[in-house]
Amino acid sequence: MVGPYYLIVVRRGETLTFQELQEHPSRWPERTTVIWDRRVRDRRSSVQRARIERRRRERRSLPDPMWSTHGFIVVELERPPDISLSTEEPRAQSS
């Protein structure tokens, strides 16, 4: 059996962290891919409340502490990550 795959997601703006991770792949297990966080904002942006709340509990959890202290998180995967994931730094969203 092949071991797990790893995906390192780097927070937007953490260019030096991203470069460091890319330049030293030997620090991470084989089958590790480094990508940028592509989110521009949280998905939930609706201001209006739903009439009937069907959820029994909050589904979102707090981000891993590594996200704020190190600027990235590591995710263990059973399958290889989608190879179309970008390694180019996301551009700032114009308002």
ask   = Which residues pass the side chain to side chain donor-acceptor pair (under 3.5 Å) test with Arg27, sequence neighbours left out?
value =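 Listed in chain order: Glu20.
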inquiry  = Once side chain to side chain donor-acceptor pair (under 3.5 Å) is applied, do any residues pair with Thr32, and if so which ones, sequence neighbours excluded?
reply    =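 Thr32: no side chain to side chain donor-acceptor pair (under 3.5 Å) contacts found.
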ask   = How long is the gap from CD on Glu14 to CG on Asp37, to the nearest 0.5 Å?
value =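 So the gap between those two atoms works out to 11.0 Å.
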inquiry  = If I take atom OG1 from residue Thr17 and atom CD1 from residue Ile8, how far apart are they, to the nearest 0.5 angstrom?
reply    =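 Between Thr17 OG1 and Ile8 CD1, I get 11.0 Å after rounding to 0.5 Å.
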inquiry  = My understanding is that only residues two or more places apart in sequence, or in another chain, count here; which of them pass side chain to side chain contact (heavy atoms under 4.5 Å, CB included) with Pro25?
reply    =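 In terms of side chain to side chain contact (heavy atoms under 4.5 Å, CB included), with neighbours along the sequence ignored, Pro25 is linked to no residue.
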key: Results of side chain to side chain contact (heavy atoms under 4.5 Å, CB included) for Glu76 - residues two or more places apart only   =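 For Glu76 the side chain to side chain contact (heavy atoms under 4.5 Å, CB included) partners, ignoring immediate neighbours, are Pro4, Tyr6.
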query = Just by modelled atom types, is the Trp36 backbone N or O under 3.5 Å from a matching donor or acceptor in the Arg12 side chain?
reply =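 Answer holds: no.
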Pairs of donor and acceptor atoms involving the side chains of residues 65-74, under 3.5 Å and at least two apart or interchain, shall be tabulated with distances.
{"unit_1": "Ser68", "atom_1": "OG", "unit_2": "Pro65", "atom_2": "O", "d": "3.3"}
{"unit_1": "Thr69", "atom_1": "OG1", "unit_2": "Pro65", "atom_2": "O", "d": "3.0"}

query = Do Ile35 and Val10 touch side chain to side chain, with heavy atoms closer than 4.5 Å?
reply =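 No, every pair of side-chain atoms sits at 4.5 Å or beyond.
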